[in-house]
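Only a predicted model underlies this, so the values are computations on that prediction, with no experimental measurement involved. Each chain gets a letter, A, B and so on, in the order the sequences are listed, and its residues count up from 1.
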Amino acid sequence: MPAESPSVPTSRPSRNFIQQIIDADRAKNPQVVVHTRFPPEPNGYLHIGHAKSICLNFGLANEYEGKFNLRFDDTNPAKEEQEYVDSIIDDVRWLGGDWEDRLFFASDYFDQLYDWAVKLVKNGKAYVCDLTAEEMREHRGTLTEPGKDSPYRTRGVEENLDLLERMKAGEFPDGSRTLRAKIDMASPNLNLRDPVMYRVKHAHHHRTGDNWCIYPSYDYTHGQSDSIEGITYSICTLEFENHRPLYDWFIQQLEIHPPRQIEFARLNLSYSVMSKRKLLQLVQEGHVAGWDDPRMLTIRGLRRRGYTPEAMRAFCERIGVAKFNSTIDMAWLEDAIREDLNERAMRRMAVMRPLRVVLTNVQPGEPLELEVPNHPQKLEEGKRKVKMGREIFIEQEDFMEDAPKKFFRLKPGGAVRLRGAGIAICEEVVKDKEGKVAELKCSFNPDTTAQVDGKKVKGTIHWVDADSALDCEVRLYDHLFTVEIPDVAPEGGSFLDNLNPSSLETTIAKLEPSLADATSGESFQFERVGYFVADSVDSKPGKPIFNRTVTLRDTWGKSQRK
RNA sequence: UGGGGAGUGGUGUAAUCGGUAGCACGACGGAUUCUGAUUCCGUUAGUCGGGGUUCAAGUCCCUGCUCCCCAGCCA
């Protein structure tokens, strides 16, 4: 093995702040293992922000040869459902997250949690409080004023134990009593002002059924669940930073394995909204067709849109991890999927807005039999047979009557290459009664390299044989919102005012016949148009429906729009 | 106005003990091209402000500014 040239410094890949923390821990103690977890609440579908967290947690475990758990934070039966559990499991797996045999539920720990609560009561660290929700709010104080002690704060241990037992036994109605940690009502951190550990909730839980009528709060559950599972790095988003002292407090009082909580900034993407509440609103008010609408940045929506796990992971890798509240440009997401699909998507031809072209010197009933490569950069992908008869369709926008000099496509008297077929010269423009271009008559030369007027033909356009073309529904998706930050709305308005009215355009396109065999979820590049995927819900055998995943980069179009 | 966090080109993200501000994406320009795609090459532009310490400050000290989070029996 040749020695490394000293003149070339080994460039260490840059490490995010969490990796740096772990590196430092391991430098001090080589024994430390990395054990992370992804802890969703099963009260909705996962979105791309969760993907960032999954990739982070799973990626860390992978990198340090540690472990990764999937654990549901199911402490609020009022909001949680099995349906969400199932979809989350499916999405995490699709993304590539592997929890092996470590699929857990916080509800698995309800007994242990209760025993620990009893211990805290016995140690004088928790008490049963009879304040109503409203009274508790009044006692809590404000951001600038300390709170007042609850009158029940000084209840004796025996009474607390008895009351807690009876809460659990179902003697009290919802909301009548809580178990609270006895910390400090004057703390500047409101989370430490005697936070609720248990509330009475006579509700059916998707896993524990009717076994419980008191349920532990997030704060009392999360850290201990981490501890039970032997989690070493409990990674969560920034809004939990204020909860860390409480997280640590419970662990310390209970004298159990202490995981370390580290917070990072959640993902924001331009032209989109990310909160569960808003996504839910989009679905419920019918602004989109459902949680898996391809315009939604839910994992399910992205899957249906044609995003691949590889592209999602590459995206998450690229955006990095930090504590700065940033907004990533949607273009990065689009770039990630282009990069992936450019490699793996087979090329096909499809015309979105057809314009009929008659090739005057091609004989009717004697179509040409052509062979076109499936992937020009990867000839090993082979070729497919494509027929070309006397009549074909080209894209309306590939013809211009009064074309600017830099227009390399078809114009009256001009020449263009028909991809994989030959050169067409526009001899005649046929118009309808309104004066709109209805049809073109072109002469055709099957020599693709033929020169015209001594010059080689610069432009190449795609086309589809009119006779054998498939009429298929194609859905052209665009950003769901018209502005970068949809939450910035006009006075009195909401993010809904920024909805993009043309985020979905449905068209019946002309596709080359081989596309009839597309299998659900299969991606293609429609040459010069974009990447498309056969819709996994609405496609029928032999009759696919395509969703546009993303357009191709279009520097010419962009320069024209300016 | 209490407490907890955060500010590096257009957007993200690095910079070891205080030692050449790097990388990616975008934008712009060019080369190649049977996809105005891809690929390749090049250019562009940054340490929130003001003081201070120092031979040397993104980094240390002081001070100011801006943004985010917290007053659920949600997570």
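Across A6(B), U11(B), A27(B), the shortest atom-to-atom separation from the side chain of K558(A) is found for A27(B). For L552(A), whose side chain is taken as the heavy atoms from C-beta onward, the closest listed nucleotide among C34(B), G26(B), U35(B) is U35(B).
No engagement by F72(A) is indicated, since no non-hydrogen atom pair under 4.0 Å with the nucleic acid exists. Across all strands, V457(A) comes closer than 4.0 Å to no nucleic acid atom at all (heavy-atom distances). Within the 4.0 angstrom heavy-atom criterion, base atoms lie near Q377(A). R193(A) comes within contact range of no nucleotide atom at all, as no heavy-atom separation falls under 4.0 Å. Note on S270(A): nothing from the nucleic acid sits closer than 4.0 angstrom, heavy atoms only.
Dashed line: the shortest gap from a side-chain N or O of S559(A) to OP1 or OP2 of G36(B) is not under 4.0 Å. Phosphate contact (OP1/OP2 of A15(B), side-chain N/O of Q20(A), threshold under 4.0 Å): present.
In this entry the distance linking CZ of F315(A) with P of G12(B) reads 12 Å, nearest Å. Taking atom CE on M330(A) and atom C1' on C25(B), their separation rounds to 15 Å, with Å as the unit. Taking atom CD of Q525(A) as the reference point, atom P of A37(B) lies 12 Å away to the nearest angstrom. For the pair W332(A) CH2 and A24(B) P, the interatomic distance rounds to 11 Å; values are reported in whole Å. For the pair D329(A) CG and G10(B) P, the computed distance is 14 Å after rounding to whole Å. With rounding to whole Å, M346(A) atom CE is found 17 Å from U35(B) atom P. In this structure, I337(A) places its CD1 atom 17 Å from P of C25(B), rounding to the nearest Å. Taking atom CZ of residue F532(A) and atom C1' of nucleotide U35(B), one finds them 14 Å apart after rounding to whole Å.
The C1' atoms of G18(B) and A75(B) are separated by 43 Å, rounded to the nearest whole Å. G58(B) and G9(B) have their C1' atoms separated by 14 Å, with the value rounded to a whole Å. On the C1' atoms, U66(B) is 41 Å away from G30(B), given to the nearest whole Å. As rounded to the nearest Å, A21(B) and U16(B) have P atoms that lie 13 Å from one another. Atom name C1', nucleotides U35(B) and A45(B): the rounded distance is 32 Å, in whole Å. Look at the P atom in both U44(B) and A56(B): the space between them is 29 Å, to the nearest Å. Taking atom P on both nucleotides, G22(B) is separated from U43(B) by 13 Å, rounded to a whole Å. Of the C1' atoms belonging to U59(B) and U53(B), the separation is 13 Å, rounded to the nearest Å.
Judged by centroid separation below 5.5 Å and plane tilt below 30°, F408(A) stacks onto the base of G36(B).
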List the steps and the verdict of ring pair (Phe, Tyr, Trp, His ring centres under 6.0 Å) for Y152(A) and Y127(A).
CA-CA 8 Å; Y152(A) 307 98; Y127(A) 63 97; 8.5 Å; no
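Of the two residues near RNA chain B, E343(A) and R417(A), the one whose nearest nucleotide lies more 5' is R417(A).
Taking a cutoff of 4.0 Å between a charged side-chain nitrogen and a carboxylate oxygen, E395(A) and R409(A) do not qualify as a salt bridge. Between D130(A) and R177(A) there is a salt bridge, since at least one side-chain N of the basic residue sits less than 4.0 Å from a carboxylate O of the acidic one.
Judged by distance alone with a 3.5 Å cut-off, no donor-acceptor contact links the side chain of E263(A) to the base of A6(B). Interface remark: the R318(A) side chain does not form any donor-acceptor pair with the U13(B) base, using a distance-only criterion of under 3.5 Å.
Among D554(A), T551(A), D398(A), the single residue meeting the side-chain hydrogen bond (donor to acceptor under 3.5 Å, both in side chains) criterion with R528(A) is D398(A). Test F104(A), F38(A), F105(A) against F72(A) for ring pair (Phe, Tyr, Trp, His ring centres under 6.0 Å) and you get one pass: F105(A).
The nearest pair of heavy atoms linking H139(A) to D149(A) is CD2-O, 3.5 Å. Contact record, T75(A) with A106(A): CG2-CB, 4.2 Å, taken as the closest heavy-atom pair.
Remark: E381(A) CD is packed, more than 12 non-hydrogen atoms of other residues, nucleotides or ligands lying under 6.0 Å away.
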Nucleic acid footprint by protein, nucleotides 69-75 of chain B - heavy-atom cut-off 4.0 Å, B for base, S for sugar-phosphate alone
BBBSBSB
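Annotation: cation-pi geometry not satisfied between R348(A) and F524(A) (NZ/CZ under 6.0 angstrom from ring centroid, within 45° of ring axis).
Aromatic ring centres of H243(A) and Y247(A) lie farther apart than the 6.0 Å criterion allows.
Side chain of E80(A) to backbone of N76(A): a donor-acceptor contact under 3.5 angstrom is found.
Annotated as syn: G72(B), whose O4'-C1'-N torsion sits within 90° of 0. Annotated as anti: C40(B), whose glycosidic dihedral deviates from 0 by more than 90°.
For RNA chain B, if you chain together Watson-Crick or G-U pairs that step i with j, i+1 with j-1 and so on, the runs of at least three with distances under 3.5 Å are B:2-7 with B:65-70, B:10-13 with B:22-25, B:27-31 with B:39-43, B:48-52 with B:60-64.
Taking the six-membered ring for Trp and thresholds of 30 and 60 degrees, F526(A) and F546(A) have ring planes more than 60 degrees apart, a perpendicular arrangement.
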